[in-house]
Amino acid sequence: METLTLKPISTVQGEVTLPGSKSLSNRILLLAALAEGETTITNLLDSDDVRHMLTALKQLGVEYQLADDNRTCILKGLGGAFNVSEPQTLFLGNAGTAVRPLTAALAISEGQFTVTGEPRMYERPIGDLIDALRPLGAEVAYLKDQGFPPLEINGQPLAGGEVSIKGNISSQYLTALLMVAPLFAGDTLIRVDGELVSKPYIDITLDTMAKFGVTVTNNNYQSFAISGGQTYQSPGRIMVEGDASSASYFLAAAAIGKGPVKVHGTGSASIQGDAKFADVLEQMGAKVTYSDMWIEVEGTGELNGVDVDLNHIPDAAMTIATTALFAKGPTRIRNIYNWRVKETDRLSAMATELRKVGAVVEEGEDYIHIEPPEKITSAAIDTYNDHRMAMCFSLASFGDADIIINDPKCTSKTFPTYFSEFARISKT
Ligand SMILES: O=C(O)C1=C[C@@H](OP(=O)(O)O)[C@@H](O)[C@H](O)C1
Ligand SMILES: C=C(OP(=O)(O)O)C(=O)O
């Protein structure tokens, strides 16, 4: 196994141009494929999750040209759902933003499809989405465990209607249903059954749909009304915002060290919920400046632990867990049960690895409580094939000890060049 040794650093300083947002890249690619007209997508993320979406679209008959750097894509929309004569097996890795929306899109397309992925994807639930699609007439079968991929889908046009969906495990199921609802023959009313997690991701979905010409009536995230028989319309050109979750590591590093660090590509005008991550750093004591499309953080020399509900920013929330190593007093991150069904069981993985560097950690069913150590212990950090575990633990190198990151290349899911960017702004 490859490892990366991070030598102790004292500060970070500089500017980072963020790679494109994963959440936006995969939404835009799918809607551009379903839309009428040609779309030029710029600042597309070049990473595993997006590559899986691109490969799947090609298999589904979508024509596109990718620039040499994979960041500009000119895509010819189909003007409706997919229509494929040969059965297709789509390998979607561990990309939730590909598996969930594509499953819904395939369910309404003509053809026979098998959705496969990495072993971890077979442990990540999808039953709440299938339970919503089946009453509408979708034919989806589980090929292994009930409620989990791999899936076999016998696609066909659907009529729409009234449908309930659970949103307490992942917002991606609702996102998937919202994205296909305009293509149903008739009107649709989606009712969210119970609690909805990760709400800001629904804003990303609705905003992207609007950019492709479809308006949804959002009744306070409890129900959504969508007219049927619509066709998405290409906006012509569309630029992907910088990834706000990827920004969190650099901003937290500035809060721990001295900074300043300025990230370009996300800011107060961003549609991504994770752009609000810096508010938590501010609450901990950092100085934060927002402009529309950049964020700057400067350390003040004092970081305090916080007790926060971070359900709205589950990905960037992980960055607070390792920032907490350098805060005065304990930090508690609450309402994050669904960390358990992401790239790994992140509550368990985070607790295990934080303990290795000396923190005293309580792992609750849906929270984590972290007492920072007096001094960081040198450790080899396991990353569980989870890009965010690897990126979060780069922050532990602010202690006076070597930090070894096992399998650093797992950042390729969303940020293949992360460690070189981190090294570029690091000062020993
Ligand atoms: O819709 C999206 O783009 C995402 C939604 C979130 O998932 P959940 O809704 O499962 O929390 C987030 O963790 C994931 O990285 C991306
Ligand atoms: C949870 C994540 O990914 P996915 O889109 O696969 O759910 C993530 O990127 O942290």
Side-chain angles (χ1 to χ4, degrees), residues 19-31 45 47-53 92-104 117-118 120-129 149 165-179 192 195-209 221 240-241 243-249 270-275 277 310-319 321 335-347 349-350 366 383-392 410-416 418:
S21 147
K22 166 198 76 169
S23 294
L24 282 161
S25 292
N26 274 352
R27 281 169 172 77
I28 289 171
L29 280 170
L30 179 57
L31 293 192
L45 173 63
S47 82
D48 290 352
D49 278 11
V50 176
R51 189 168 40 80
H52 290 309
M53 175 63 90
L92 301 176
N94 192 9
T97 54
V99 169
R100 281 76 182 258
L102 271 173
T103 292
E118 290 172 16
R120 175 60 182 170
M121 193 36 95
Y122 299 169
E123 298 172 350
R124 299 183 66 189
I126 196 164
D128 292 340
L129 173 60
I165 189 160
K166 285 172 81 176
N168 63 328
I169 297 295
S170 170
S171 69
Q172 291 179 358
Y173 313 138
L174 174 59
T175 279
L177 192 55
L178 282 164
M179 285 171 94
V192 179
E195 187 201 351
L196 173 63
V197 296
S198 308
K199 268 200 199 103
Y201 288 96
I202 299 303
D203 297 333
I204 302 183
T205 303
L206 299 181
D207 188 72
T208 311
M209 289 171 69
Y221 302 91
V240 178
E241 287 182 10
D243 194 300
S245 319
S246 299
S248 69
Y249 314 104
S270 174
I271 187 64
Q272 299 165 78
D274 277 7
F277 163 80
L310 296 185
N311 187 279
H312 59 297
I313 54 167
D315 294 356
M318 290 177 74
T319 314
N335 204 4
I336 47 166
Y337 169 79
N338 77 358
W339 274 21
R340 295 195 182 278
V341 292
K342 297 195 185 261
E343 279 74 338
T344 184
D345 178 339
R346 288 175 166 172
L347 268 159
M350 187 57 84
D366 68 348
T383 50
Y384 308 79
N385 205 18
D386 183 347
H387 54 142
R388 296 199 196 286
M389 286 297 291
M391 295 190 280
C392 280
C410 68
T411 66
S412 64
K413 187 174 192 281
T414 56
F415 201 163
Y418 174 71

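Bear in mind that the values here come from a model prediction, so they are computed numbers and not experimental data. Remember, it's 1-based here, ligands and their atoms both numbered in the order they're listed.
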> Which atoms of ligand 2 have any heavy atom of N94 under 4.0 Å away?
Replying inline: 6 (O)
>> If we ignore hydrogens and angles and just use 3.5 Å, is the side chain of D243 paired with the main-chain N or O of P19 as donor and acceptor?
In response: no
>> Given 3.5 Å as the limit, does a donor-acceptor pair link the side chain of Q272 with the main chain of A244, or not?
In response: yes
> Which bit of R346 is near ligand 2, meaning a heavy atom under 4.0 Å away: side chain, backbone, both or neither?
Replying inline: side chain
> Is there a heavy atom in M318 that sits closer than 4.0 Å to ligand 2?
Replying inline: no
>> My understanding is that only one of S25, S270, S23 makes a side-chain hydrogen bond (donor to acceptor under 3.5 Å, both in side chains) with E241; could you say which?
In response: S270
> So is M121 in contact with ligand 2, going by heavy-atom distances below 4.0 Å?
Replying inline: no
> Would you call D315 and R388 a salt bridge, using N to O less than 4.0 angstrom?
Replying inline: yes
> Quick check: does any side chain N or O of D274 sit under 3.5 Å from a backbone N or O of S248, one acting as donor and the other as acceptor?
Replying inline: no
> Going by the atom numbers of ligand 2, which of them fall below 4.0 Å from some non-hydrogen atom of K413?
Replying inline: 3 (O), 4 (P), 6 (O)
> Under the ring pair (Phe, Tyr, Trp, His ring centres under 6.0 Å) test, which residues partner H52, sequence neighbours left out?
Replying inline: F91
> In ligand 2, which numbered atoms sit nearer than 4.0 Å to a non-hydrogen atom of T97?
Replying inline: 5 (O)
> Among I202, D203, V197, L196, whose side chain to side chain contact (heavy atoms under 4.5 Å, CB included) with K199 holds?
Replying inline: L196
> Partners of Y418 by ring pair (Phe, Tyr, Trp, His ring centres under 6.0 Å), sequence neighbours excluded?
Replying inline: Y249, F250, F415, F422
>> What I want to know is whether R100 and ligand 2 share at least one N or O pair that is separated by under 3.5 angstrom.
In response: no
For each nitrogen or oxygen atom of ligand 1, which protein N/O atoms lie closer than 3.5 Å, and how far apart are they, rounded to 0.1 Å?
from	atom 1	to	atom 2	distance (Å)
ligand 1	1 (O)	R27	NH1	3.4
ligand 1	1 (O)	R27	NH2	2.7
ligand 1	3 (O)	S23	OG	2.6
ligand 1	3 (O)	R27	NH1	2.8
ligand 1	7 (O)	K342	NZ	3.2
ligand 1	9 (O)	S170	OG	3.4
ligand 1	9 (O)	S171	N	2.7
ligand 1	9 (O)	S171	OG	2.6
ligand 1	10 (O)	S170	OG	2.6
ligand 1	10 (O)	K342	NZ	3.3
ligand 1	11 (O)	S198	OG	2.6
ligand 1	11 (O)	N338	ND2	2.9
ligand 1	11 (O)	K342	NZ	2.6
ligand 1	13 (O)	D315	OD1	2.7
ligand 1	13 (O)	D315	OD2	3.3
ligand 1	13 (O)	K342	NZ	2.7
ligand 1	15 (O)	K22	NZ	2.7
ligand 1	15 (O)	D315	OD2	2.5

> For atom 7 (O) of ligand 2, which candidate among E343, R124, M389 holds the nearest heavy atom?
Replying inline: R124
>> Assess the residue pair T175 and T205 against the criterion (side chain to side chain donor-acceptor pair (under 3.5 Å)); give the C-alpha distance rounded to whole Å, side-chain angles, the decisive distance to 0.1 Å, and a yes or no.
In response: CA-CA 6 Å; T175 279; T205 303; 2.7 Å; yes
>> Evaluate R120 against N385 for side-chain contact (heavy atoms from CB on, under 4.5 Å), listing each step before the verdict.
In response: CA-CA 9 Å; R120 175 60 182 170; N385 205 18; over 6 Å; no
>> To check your reading of the model: name the closest protein heavy atom to atom 9 (O) of ligand 2, its residue, and the distance in Å.
In response: K22 NZ, 2.7 Å
> R51: what forms a salt bridge (Lys or Arg N to Asp or Glu O under 4.0 Å) with it, not counting sequence neighbours?
Replying inline: D48
> Of the protein's non-hydrogen atoms, which lies at the shortest distance from atom 10 (O) of ligand 2, and what is that distance?
Replying inline: R388 NE, 2.6 Å
